[in-house]
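See below for the structure under consideration.
Counting convention: from 1, in listed order, for ligands and their atoms alike.
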Amino acid sequence: MTIKVGLIGAGVMGADHARILTTAVSGAELVAVSDPAPERRSNIVEMCGSVRAFLDPMDLIQDRSVDAVLVASPDETHGTLVLACLAIGKPVLCEKPLAPSVAECLKVIEAERALGKRLVTIGYMRRFDPGYVEMKRKFDERELGAALVMHCIHRNATAPSFMTAPMLITNSAVHEIDIARFVLGREVRRVTVITPRKTGLAKMQDPQILLLEMDDGVVVDAEIFSNAQYGYDVRAELVCEKGTIALTPPHDVTVKHSAHEGFPFPGDWRPRFAPAYRAELQAWTAGIGKGVPVGASAWDGYVATAVADAGLRSLASGRPTEIELEPRPVLYG
Ligand code: ISE
């Protein structure tokens, strides 16, 4: 069975998803694209062949030839598009965040709960990254004892012009929030945002440090630095009672030249997480065929937004901020 996918949003991430779906995922086919910009729509058609182009994303969602929808449009459109998919019972993979506001996330949870089945997957692709998957597997063996601290680093070479200080939390740190919950299997109960001296190379508060206090006492510190200049660099080390588990920087070769030894950094997250994006799309489309939901759920999307929202309040107040979650519906286990 081939899953026919419709893509909403053909920007940087949407185009990358289209390329991966067409070249690296089996049992799936990109059949439709929607984007307000005609040149972006035609890029996808050129790259992927027989793909129908739609101006209105709602028409794509309704179209009978589309089995499942991939949402990669701007963050503020996510909630409405996901709700439209749920209204007609179509599976949807929505790029992070599920929605910028907690209230909108809760509407999605309510709609899915009313349907009684999971149709929403959130694109927290790190859950499919071989390094994080191995970190979780090793930790779950419990040979290293209890987790104590998790150190995370999230550096972008340069931030796009639309990036703001709050977006370091809602756009970048949400990945750290989600992966900490995924690896540790615990919820965040308090968040504090610390603002170090800021770089002279950006106008906004950059970098920021998020301190996440988990409900079992583990502390996660995450440095978010969106103008680090030298490349895209994501690191993590989980410190346990009897040892640590760290990601190794993924690179194919080490080069020795001119009295230096080193390896290159990617320019952004697409090459760094290419295996994760591929595995995510493969698992999502295969899961639809089998009726098995995979990846981060709408609940995970809601929690990441709720923690980020508390982070925004901490950024504004400078104080630790408690997180109060709604009761978890049985649908989400
Ligand atoms: C971007 O939107 C992403 O999702 C990337 O994975 C992340 O590393 C980057 O910081 C975000 O801006």
Aromatic ring pairing Phe263/His251, orientation class (parallel under 30°, perpendicular over 60°, tilted between):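 Judged by the thresholds at 30° and 60°, the geometry between Phe263 and His251 is parallel.
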- Task: Classify the angle between the aromatic ring planes of His17 and Tyr277 as parallel (below 30°), tilted (30 to 60°) or perpendicular (above 60°).
- Result: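 Perpendicular, since the angle between the ring planes exceeds 60°.
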message: If we check side-chain contact (heavy atoms from CB on, under 4.5 Å) with His151, which of these qualifies: Val220, Val239, Leu238?
response: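 Between His151 and the candidates, side-chain contact (heavy atoms from CB on, under 4.5 Å) is satisfied uniquely by Val239.
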Check your understanding: Considering all heavy atoms of both residues, which atom of Trp269 and which atom of Met13 are nearest to each other, and what is their separation?
Key ->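 Scanning both residues completely, I find the closest heavy atoms to be NE1-SD, 3.4 Å.
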Would you name the heavy atoms of Gly11 and Asp35 that are closest together and state the gap between them?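 Here Gly11 and Asp35 meet closest at N-OD2, 4.1 Å.
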(message) With a 4.0 Å cut-off on N to O distance, would you call Arg126 and Glu176 a salt bridge?
(response)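 A salt bridge links Arg126 with Glu176.
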Worksheet item: Got the residues with a heavy atom under 4.0 Å of ligand 1, by chain and number?
Response: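 Close residues (ligand 1, cut-off 4.0 Å): Lys96, Met125, His154, Asn156, Asn171, Ser172, His175, Tyr232, Trp269.
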